[in-house]
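Have a look at the structure below before the remarks.
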Amino acid sequence: MTANTSPVMTFRKGGSAAQEAEKESNASGGRRDKSPDYFSLKEDQASTVIRLLTDHDDWIYVEQHSFVPTKAAPKGVEKWPKAMTSVCRKDPAFDGHYGDCYICDSKAKNSFGKVASSRIRVWALAVERELVRGDGSDALGGPSKNGVVIGVRDKIDEVDELNAEGKPTGNKVNYPRLLVINQPMKGFFANLKALHGLYGTVSDRDFAVTRDGTGTDTNYKIVPIDPIPDLKPGTPAWELYTRTVSERQVVLEAIVAEKASDEYYARFFDPSKEVDKDGNVTDTGAAAATATGAVAVGGMMNLQSPVSDAGLSPDMRDKIRNLGAPTGG
């Protein structure tokens with residue numbers, strides 16, 4: 001059996017290109033370990049403050065399936081998502097390496113009963129921050145600043161420090177809270193793109209982000225906050241963010257690629273595959289028939305046509321693991 005060779009993954013980047021791609025898509029139909037959280041404002045009018053680490057020209061955009069119902073939870077697993085997003089395995093970044101996309105090939109429907117067609121979505125890294133208001137004390141501006149916003153600071157994550165073997169040392173390490181942002185251009189990144197047109201960058205200041213609406217009728221109000229002169233790419237203060245991304249081994253390209261991997265699709269979507277305790281993808285065989293909701297006709301079952309089982313090769317997995325961490329500047 002001939003091993004698969006690794007493709008050269010070149011994710012498409014840039015806010016202007018992402019906006020154009022979204023329009024076309026819509027028209028056509030030892031490590032210190034704690035994975036970053038995803039940006040999420042769950043309630044109408046909920047808000048937060050972010051500092052973008054990924055500037056406009058480095059935003060990654062891909063074809064992505066959203067709100068795709070997951071298959072049944074593995075035995076013994078109580079908490080299991082009802083629906084997930086995934087990167088389409090037919091995205092140009094993979095250069096035809098995958099021979100299938102289960103969601104495309106099976107014409108899977110999303111949570112709203114419509115075919116889960118892929119649409120352009122954009123990815124970026126950010127730090128979550130918070131406004132600081134004076135409390136009347138001298139340390140926070142004195143009585144005249146009581147209740148007034150006097151600055152912005154990072155929210156902090158406390159994570160376990162791991163040794164070279166990946167085992168906890170017993171120490172805790174504090175880092176700025178990293179966020180992975182995965183949103184469409186319309187309603188989110190298009191707002192930031194417009195601000196990039198004004199400032200020439202979206203990494204030199206904080207932005208207050210407020211959710212406006214619910215469900216699919218959601219937009220985000222994004223308001224720029226006055227810049228802090230000594231906190232922008234290239235300054236000594238920015239090195240804290242660069243070091244955080246490096247030490248926590250957060251690689252945006254790898255996060256995106258994982259959402260298209262054999263393991264991810266087998267775990268959450270494709271009923272003809274399963275993931276064993278060692279993370280290996282195996283075929284489920286005939287068990288897939290009932291999982292796909294196949295309809296019995298006269299004792300026989302109407303089954304989906306088989307799809308190619310072109311998977312990630314070991315060297316492809318190594319490529320994803322070893323992608324270099326992005327740097328500031």
Side-chain angles (χ1 to χ4, degrees), residues 11 13-15 18 31-42 46-61 121-133 140 149-161 172-183 188-196 198-211 220-256 258 323-329:
F11 285 112
K13 294 184 178 181
R31 157 176 145 175
R32 287 146 182 158
D33 193 29
K34 180 182 182 298
S35 298
D37 293 326
Y38 277 74
F39 168 86
S40 178
L41 297 174
K42 298 185 182 301
S47 64
T48 191
V49 176
I50 62 171
R51 172 64 68 110
L52 282 160
L53 303 184
T54 311
D55 210 344
H56 172 277
D57 291 350
D58 290 321
W59 296 343
I60 291 174
Y61 62 99
R121 292 293 183 269
V122 184
W123 295 72
L125 284 177
V127 171
E128 186 171 18
R129 291 168 50 85
E130 60 186 352
L131 301 176
V132 179
R133 298 180 183 274
L140 294 179
V149 174
I150 62 169
V152 190
R153 66 187 173 200
D154 299 331
K155 289 189 175 182
I156 299 297
D157 275 338
E158 184 179 74
V159 301
D160 290 324
E161 182 181 57
K172 298 289 185 179
V173 183
N174 290 332
Y175 285 119
R177 180 175 298 166
L178 296 178
L179 292 178
V180 176
I181 302 179
N182 179 213
Q183 294 288 333
F188 192 93
F189 277 101
N191 301 334
L192 289 166
K193 181 182 183 303
L195 292 167
H196 175 270
L198 279 177
Y199 306 128
T201 177
V202 287
S203 294
D204 69 338
R205 68 196 66 218
D206 299 300
F207 295 97
V209 183
T210 302
R211 178 171 180 152
Y220 291 89
K221 298 175 182 176
I222 300 179
V223 178
I225 297 173
D226 290 342
I228 301 170
D230 59 355
L231 182 60
K232 60 183 178 180
T235 62
W238 193 263
E239 290 301 312
L240 173 62
Y241 296 154
T242 303
R243 189 171 69 251
T244 296
V245 171
S246 177
E247 291 183 359
R248 293 183 62 185
Q249 300 180 14
V250 175
V251 183
L252 187 59
E253 289 88 345
I255 292 171
V256 178
E258 187 271 335
L323 282 168
T327 58

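As a basis for the values below, the full set of heavy atoms in this structure was taken, side chains included, without hydrogen atoms, waters or symmetry mates. Residue numbers run from 1 in the order of the sequence given.
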Side chains of residues 229-236: which donor-acceptor pairs under 3.5 Å do they make with residues two or more places apart or in other chains?
| residue | atom | partner | partner atom | Å |
| --- | --- | --- | --- | --- |
| Thr235 | OG1 | Asp230 | O | 3.2 |
| Thr235 | OG1 | Lys232 | N | 3.3 |
| Thr235 | OG1 | Lys232 | O | 2.7 |
| Thr235 | OG1 | Trp238 | N | 3.4 |

### Among Glu247, Glu158, Arg248, Arg243, the one residue meeting side chain to side chain donor-acceptor pair (under 3.5 Å) with Tyr175
Glu247
## Note on the structure
Closest heavy-atom pair, Leu52 versus Ser203, reported as atoms and distance to 0.1 Å, is O-OG, 3.0 Å
### Summary
Taking every heavy atom of His196 against every heavy atom of Asp55, the minimum-distance pair comes out as CD2-OD1, 4.0 Å
### Message
Please check: side-chain N/O of Arg51 versus main-chain N/O of Arg205, any donor-acceptor pairing under 3.5 Å?
### Response
yes
### Query
So, the side chain of Asp154 versus the backbone of Arg129: is there a donor-acceptor pair under 3.5 Å, distance only?
no
### Query
Between CD1 of Ile181 and CH2 of Trp59, what distance do you get to the nearest 0.5 Å?
9.5 Å
### Message
Does any part of the side chain of Phe189, heavy atoms only, come nearer than 4.5 Å to the side chain of Val202, both counted from C-beta?
### Response
no
### Query
Looking at Phe207 and Ile225, what are the two nearest heavy atoms and their distance?
C-CD1, 4.4 Å
### Query
Taking only residues two or more places apart in sequence, or in another chain, which ones meet Phe188 in a ring pair (Phe, Tyr, Trp, His ring centres under 6.0 Å)?
Phe39, Tyr220
### Side chains of Pro227 and Tyr199 in contact at under 4.5 Å (non-hydrogen atoms)
no
### Shortest non-hydrogen contact from Ile156 toward Arg177
O-NH2, 3.4 Å
### Query
Quick one: does Lys172's side chain get under 4.5 Å of Asp160's, heavy atoms only?
yes
## Note on the structure
When rounded to the nearest 0.5 Å, the distance separating CG of Asp58 from CG of Leu53 is 11.5 Å
### Query
CD/Glu130 to OG/Ser47 distance, rounded to the nearest 0.5 angstrom?
11.5 Å
### Query
Do you know which two heavy atoms are closest between Pro36 and Val180, and how far apart they sit?
CB-CG2, 4.0 Å
### Side chain proximity check, Val209 to Val49, heavy atoms < 4.5 angstrom
no
### Query
Run the side-chain contact (heavy atoms from CB on, under 4.5 Å) check on Leu178 and Val127 step by step: do they pass?
CA-CA 5 Å; Leu178 296 178; Val127 171; 4.0 Å; yes
### Message
Rounded to the nearest 0.5 Å, what separates atom CZ in Arg121 from atom CG in Asn182?
### Response
8.0 Å
### Task
Check whether any side-chain heavy atom of Leu240 lies under 4.5 Å from a side-chain heavy atom of Thr244, and answer yes or no.
yes
### Query
Does a side-chain heavy-atom distance below 4.5 Å link Glu258 with Ile255?
no
#### Entry: Atom pair CD1 (Ile228) and CG (Asp206), whose distance is rounded to the nearest 0.5 Å
5.0 Å
### Query
Can you check whether Leu125's main-chain N or O pairs, donor with acceptor, with Thr54's side chain at less than 3.5 Å?
yes
### Task
Report yes if some heavy atom in the side chain of Leu252 is under 4.5 Å from a heavy atom in the side chain of Val245; otherwise report no.
no
### Query
Taking the side chain as C-beta and beyond, is there a heavy-atom pair between Ile50 and Ile222 under 4.5 Å?
no
### Query
If you round to the nearest 0.5 Å, how far is CG of Leu140 from CD1 of Ile150?
4.5 Å
